[in-house]
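Position 1 is the first residue of the sequence, and the numbers go up from there.
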Amino acid sequence: MQSPAALPESTPPHHPAATAPGGWWAVCLCAGWCGTCGVYRPLFDELARAHPDVRFEWVDIEDDSDIAGDLDVETFPTLLIADGQRALFLGPLLPQAPVLARLLTSLQAAPGGAGAGGEAQAVFERVRAARGA
């Protein structure tokens, strides 16, 4: 039986046609002192390798407090998913690779979905500016 935190053996197909200009982003908002984030980081990095069409960024909200801004992250890890133009998801996510993989696939399969709101969009804009995109 596979551990629930392990990457699925086969990742679902991607939907490149649904990708907006600028490409998809998966941003993990974490903290260096968070043990859960420390365990999640290798899984997040493994997902990045499995999804080359998505830009994965790891943001420590204390080291990169200018990126987090006034966002009050209460639960780690908190993920931000964007289609390259709009933030589509911002919230805590179980620190399991299959959960993030399913979320990415479902958002990519439904282009033009509702955005995640102004606060999420502002964080995404700061991530893009800080990480050179």
Side-chain angles (χ1 to χ4, degrees):
M1 183 168 165
Q2 184 178 5
S3 164
L7 184 66
E9 288 181 27
S10 63
T11 55
H14 302 295
H15 303 279
T19 303
W24 286 86
W25 289 64
V27 180
C28 184
L29 303 168
C30 64
W33 52 261
C34 174
T36 301
C37 293
V39 171
Y40 187 54
R41 180 70 189 258
L43 300 172
F44 187 80
D45 292 344
E46 192 174 337
L47 274 171
R49 289 186 294 276
H51 293 266
D53 58 329
V54 177
R55 181 169 177 165
F56 285 74
E57 292 288 338
W58 190 266
V59 175
D60 185 307
I61 64 165
E62 292 175 342
D63 291 344
D64 295 313
S65 60
D66 53 326
I67 292 175
D70 291 335
L71 180 67
D72 187 17
V73 178
E74 296 178 8
T75 304
F76 295 103
T78 291
L79 274 288
L80 170 72
I81 309 295
D83 67 4
Q85 299 299 314
R86 292 181 311 128
L88 300 174
F89 175 87
L90 175 65
L93 202 66
L94 288 174
Q96 299 172 352
V99 174
L100 177 53
R102 283 191 305 271
L103 177 60
L104 279 170
T105 299
S106 67
L107 290 171
Q108 289 175 323
E119 185 175 44
Q121 187 65 34
V123 173
F124 177 55
E125 294 297 330
R126 289 192 297 270
V127 169
R128 283 197 327 182
R131 299 298 165 96

Do Glu57 side-chain atoms and Leu29 backbone N/O form a donor-acceptor pair below 3.5 Å?
-> no
Would a 4.5 Å heavy-atom cut-off, applied to side chains only, mark Trp33 and Glu62 as touching?
-> yes
Roughly how far apart are Arg126 CZ and Leu80 CG, rounded to 0.5 Å?
-> 10.0 Å
Work out which heavy atom in Val123 is nearest to a heavy atom in Ala68; give both atom names and the distance.
-> CG2-O, 4.2 Å
Parallel, tilted or perpendicular, as decided by the 30° and 60° cut-offs, for the rings of Trp58 and Tyr40 = tilted
Distance (rounded to the nearest 0.5 Å) between Ile81 CD1 and Phe124 CZ = 10.5 Å
Enclosure of Asp66 CG (heavy-atom neighbours >12, cutoff 6.0 Å) | yes
Here the pair of heavy atoms bringing Asp60 nearest to Gly32 is OD2-N, 2.8 Å
Quick one: are Arg131 and Asp64 in side-chain contact, heavy atoms under 4.5 Å?
-> yes
Can you tell me how far the OG atom of Ser65 sits from the CG atom of Leu71, to the nearest 0.5 Å?
-> 12.0 Å
Hydrophobic cluster identity match, Leu43 and Leu94, side-chain contacts under 4.5 Å = yes
How close do Ala87 and Gln121 get, heavy atom to heavy atom, and via which atoms?
-> N-OE1, 2.8 Å
All heavy atoms of Ala26 vs all of Val54, minimum pair found to be N-CG1, 3.8 Å
Find the distance between CZ (Arg86) and CD (Glu125) and round it off to the nearest 0.5 Å.
-> 12.0 Å
Nearest heavy-atom contact between Phe76 and Cys34 is CB-SG, 3.6 Å
Measure the CZ-CG distance between Phe89 and Leu107 for me, rounded to the nearest 0.5 Å.
-> 8.0 Å
Got Arg102 and Leu100 here, is their nearest side-chain heavy-atom distance under 4.5 Å?
-> no
Residue pair Arg41, Asp45: steps toward the salt bridge (Lys or Arg N to Asp or Glu O under 4.0 Å) verdict | CA-CA 6 Å; Arg41 180 70 189 258; Asp45 292 344; 3.2 Å; yes
Rounded to the nearest 0.5 Å, how far does SG of Cys28 lie from CG of Leu79?
-> 5.0 Å
Quick check: does any side chain N or O of Arg128 sit under 3.5 Å from a backbone N or O of Gly84, one acting as donor and the other as acceptor?
-> yes
